[in-house]
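Heads up: the structure comes next, in structure tokens.
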Amino acid sequence: MSQTKTLKVRVTLFCILAGIVLAMTAVVTDHWAVLSPHMEHHNTTCEAAHFGLWRICTKRIPMDDSKTCGPITLPGEKNCSYFRHFNPGESSEIFEFTTQKEYSISAAAIAIFSLGFVILGSLCVLLSFGKKRDYLLRPASMFYAFAGLCILVSVEVMRQSVKRMIDSEDTVWIEYYYSWSFACACAAFVLLFLGGLALLLFSLPRMPRNPWESCMDAEPEH
């Protein structure tokens, strides 16, 4: 592989590494969405919530002069619990319905598939460091692109889950916004998917320079 192409591959792998870090951060943290309930004018505190793929955290925080709940970063009594379908022995009455079990399990499972593709791609990259094993970068690029697509699907499933919570009459939540874990997942999709496609292009053999030259006849780049 030429020095120019090697430099491009290294820069692409660095971007993919950043995407991997962001994807793992999004999966293990619980700040995908922040929910706020309906406000009663006589209340001095309110209970906001933020959640991720695995658990929900509620926080009782004081209301400001505008009678709005938040922001979630204000100090207050915090209580976190894993979703009941991930931890059957733990009580989570307040979100037994509102977690939307099918959405939550789907988003978490797809995110795990994404991490699996990341592991496979990373193994291929490590093996490609051996002599004359540049061809392993091609399956690695596809694994990274698939990982990015899985993250995108997980983001969309989570978005539908939040929308269904807000629209349901069985929940107290009326306002929401997506937080930094959600942003990490979106950024991870961009870096992994585009990085995977770029890695595939950079790892392909050189195209023939002349009409009578085939790919097999081209001079090796090692």
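Computed from a predicted structure; not experimentally measured. The analysis underlying the following values was restricted to heavy atoms, covering all of them including side chains, and did not include hydrogens, waters or symmetry mates.
- A distance of 11.0 Å separates CG in L120 from CG in L115, rounded to the nearest 0.5 Å.
- Linking Ile, Leu, Val, Met, Phe, Trp and Tyr residues whenever their side-chain heavy atoms come within less than 4.5 Å places V118 and F129 in a single cluster.
- A 4.5 Å side-chain heavy-atom check between F189 and V155 finds every atom pair outside the cut-off.
- Of all heavy-atom pairs between S154 and A107, the closest is OG-O, 3.0 Å.
- Side chain of W32 to main chain of V27: no donor-acceptor pair is present (N/O by atom type, distance under 3.5 Å, no hydrogens or angles).
- Note on L152 and F113: separate hydrophobic clusters, where clusters join Ile, Leu, Val, Met, Phe, Trp and Tyr whose side-chain heavy atoms are under 4.5 Å apart, directly or indirectly.
- The side-chain hydrogen bond (donor to acceptor under 3.5 Å, both in side chains) analysis of residues 114-123, with sequence neighbours excluded, yields the pairs S122-Y144.
- Proximity of L197 to L201: side-chain heavy atoms (C-beta onward) are nowhere separated by under 4.5 Å.
- The closest donor-acceptor contact from the side chain of R138 to the backbone of S203 lies under 3.5 Å.
- Closest approach of L191 and G19 over heavy atoms only: CD1-N, 3.6 Å.
- Rounding to the nearest 0.5 Å places OG1 of T4 at 11.0 Å from CZ of F202.
- Rounding to the nearest 0.5 angstrom, the gap separating the SG atom in C15 from the CZ atom in R10 is 14.5 Å.
- Going from atom OG1 of T25 over to atom NE2 of H31 covers 13.0 Å, rounded to the nearest 0.5 Å.
- The closest side-chain heavy-atom distance from Y176 to Y178 is below 4.5 Å.
- Side-chain contact check for L35 versus Y177: every heavy-atom pair is 4.5 Å or farther apart.
- Summarising the geometry of L137 relative to S128, their closest heavy-atom pair is CD2-OG, 3.4 Å, with the distance given to 0.1 Å.
- Residues I16 and L199 are in side-chain contact: their nearest non-hydrogen atoms beyond the backbone lie under 4.5 Å apart.
- A distance of 7.5 Å separates CZ of F182 from CZ of R159, quoted to the nearest 0.5 Å.
- Between the CD1 atom of I151 and the CD atom of E156 there is a distance of 13.5 Å, given to the nearest 0.5 Å.
- With hydrophobic clusters built from ILVMFWY side chains whose heavy atoms lie under 4.5 angstrom apart, L149 shares a cluster with I20.
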Inset, instruction - With side-chain contact (heavy atoms from CB on, under 4.5 Å) as the test, would you mind laying out the steps for F51 and V162 before giving the verdict? - result: CA-CA 10 Å; F51 70 100; V162 173; 3.6 Å; yes
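- One hydrophobic cluster, built from ILVMFWY side chains closer than 4.5 Å, holds both M24 and V190.
- Side-chain contact check for T29 versus C184: every heavy-atom pair is 4.5 Å or farther apart.
- The two residues H50 and D30 make their nearest non-hydrogen contact at ND1-O, 2.7 Å.
- No path of Ile, Leu, Val, Met, Phe, Trp and Tyr side chains, each step under 4.5 Å between heavy atoms, connects L194 with L22, placing them in separate hydrophobic clusters.
- Summarising the geometry of A23 relative to L192, their closest heavy-atom pair is CB-CD1, 4.4 Å, with the distance given to 0.1 Å.
- Enclosure of atom CZ in F14 is not indicated, since only 12 or fewer non-hydrogen atoms of other residues, nucleotides or ligands lie within 6.0 angstrom.
- Ring geometry, F117 versus F146: the interplanar angle falls from 30° to 60°, so the pair is classed tilted.
- For K5 (side chain) and L204 (main-chain N/O), a donor-acceptor pair under 3.5 Å exists by modelled atom type.
- Here the shortest heavy-atom pairing between A198 and T12 reads CB-CG2, 4.0 Å.
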